[in-house]
Amino acid sequence: MEINFSSLDPKQVYKLMTSTIVPRPIAWISTVSRDGIYNLAPFSYFAGISSNPPLVVVSIGRKPDGQKKDTWQNIEETGEFVINTVVEELVEQMNITAYPYEREVDEFKEAGLTPLPSTAVKPPRVGESPINLECKVHRILEIGKMGIIFGEILNSHIRDDILNEKGYVDTKKLKLVGRLGGADYCLITEENTFELRRPDKR
Ligand SMILES: Cc1cc2nc3c(=O)[nH]c(=O)nc-3n(C[C@H](O)[C@H](O)[C@H](O)COP(=O)(O)O)c2cc1C
């Protein structure tokens with residue numbers, strides 16, 4: 001079967017892309033509004049794109065009424081956000097924060113999560129999450145209806161027991177969650193992880 005993307009409507013494109021480009025890490029983004037209201041929501045059009053400088057990119061859409069999603073508005077207002085990682089124990093809370101709450105609603109409270117102070121930025125981090133990356137905006141591109149947000153990582157919080165002596169986060173100690181198409185997710189576990197050394201590094 002051959003499918004030309006120009007013949008598809010955006011919903012069909014969304015289905016094909018989000019079930020093909022998998023698994024996607026989830027940036028569980030905490031922000032704060034100009035008025036000091038905390039916000040938390042998951043985004044899986046998310047990637048790390050450079051280590052020097054340390055950059056991530058997240059693509060955020062609009063609400064049905066055309067307004068920018070709260071996370072986008074807050075990032076635009078304050079220039080800061082925190083990426084919190086999602087592990088198996090946190091999937092229900094993550095899902096609660098995907099609900100389209102009004103801007104005045106604090107999703108930390110709705111999901112029963114602990115906002116801990118960040119060091120380099122104003123938005124709080126999710127205390128229950130094993131890794132938090134504090135970011136400042138590098139630039140925001142508006143492409144079509146989307147906000148493509150480039151962030152620079154300024155500071156991180158990593159649970160002590162998961163950083164190994166080589167400087168890597170030991171993913172086998174975490175059940176990190178990835179997003180697949182539709183309502184499907186996957187888990188990174190010891191059983192489905194394997195090692196493959198590059199030919200020049202054997
Ligand atoms: C796992 C997961 C991944 C998501 N990824 C995205 C995404 O990449 N971009 C986006 O605009 N919305 C994404 N959403 C939907 C938002 O989380 C949802 O619209 C949320 O209500 C936005 O909240 P906000 O208005 O507080 O920013 C995702 C939802 C889930 C459950």
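Below, all heavy atoms of this structure are taken into account, side chains as well, without hydrogens, waters or symmetry copies. Both counts, for ligands and for their atoms, begin at 1 and track the order of listing.
- Residue contacts with ligand 1: Y185 is included, with a non-hydrogen atom under 4.0 Å away.
- Not a single heavy atom of Y101 sits under 4.0 Å from any atom of ligand 1.
- In terms of N/O distances under 3.5 Å, ligand 1 is approached by S59.
- A continuous path of hydrophobic side-chain contacts links I21 to F5 [ILVMFWY only; heavy atoms under 4.5 Å].
- Scanning the protein for heavy atoms near atom 2 (C) of ligand 1, the closest one is R179 NH1, 3.2 Å.
- Using 4.0 Å as the threshold, E107 has a heavy atom nearer than that to some atom of ligand 1.
- Short contacts between ligand 1 and Y99, defined as distances under 4.0 Å to a heavy atom of the residue, involve ligand atoms 21 (O).
- Cluster annotation: I83 and V87 are assigned to the same hydrophobic cluster (Ile/Leu/Val/Met/Phe/Trp/Tyr, side-chain heavy-atom contacts under 4.5 Å, transitive).
- Counting only N and O atoms by type, the side chains of N132 and S118 include no donor and acceptor under 3.5 Å apart.
- When A27, A41, A98 are checked for heavy-atom proximity to atom 21 (O) of ligand 1, A98 turns out nearest.
- Taking a cutoff of 4.0 Å between a charged side-chain nitrogen and a carboxylate oxygen, E142 and K68 qualify as a salt bridge.
- Shown here is R202, whose CZ atom has more than 12 heavy atoms of other residues, nucleotides or ligands within 6.0 Å.
- Ion pairing between D184 and R179 fails under the 4.0 Å rule for side-chain N and carboxylate O.
- Atoms of ligand 1 found under 4.0 Å from any heavy atom of I60 (numbered from 1 in listed order, with element): 11 (O).
- Taking only non-hydrogen atoms, the option from P42, P25, P100 nearest to atom 17 (O) of ligand 1 is P42.
- The heavy atom nearest to atom 12 (N) of ligand 1, considering only R103, K69, M94, is found in K69.
- With a 4.0 Å cut-off on non-hydrogen atoms, D70 touches ligand 1 through its backbone as well as its side chain.
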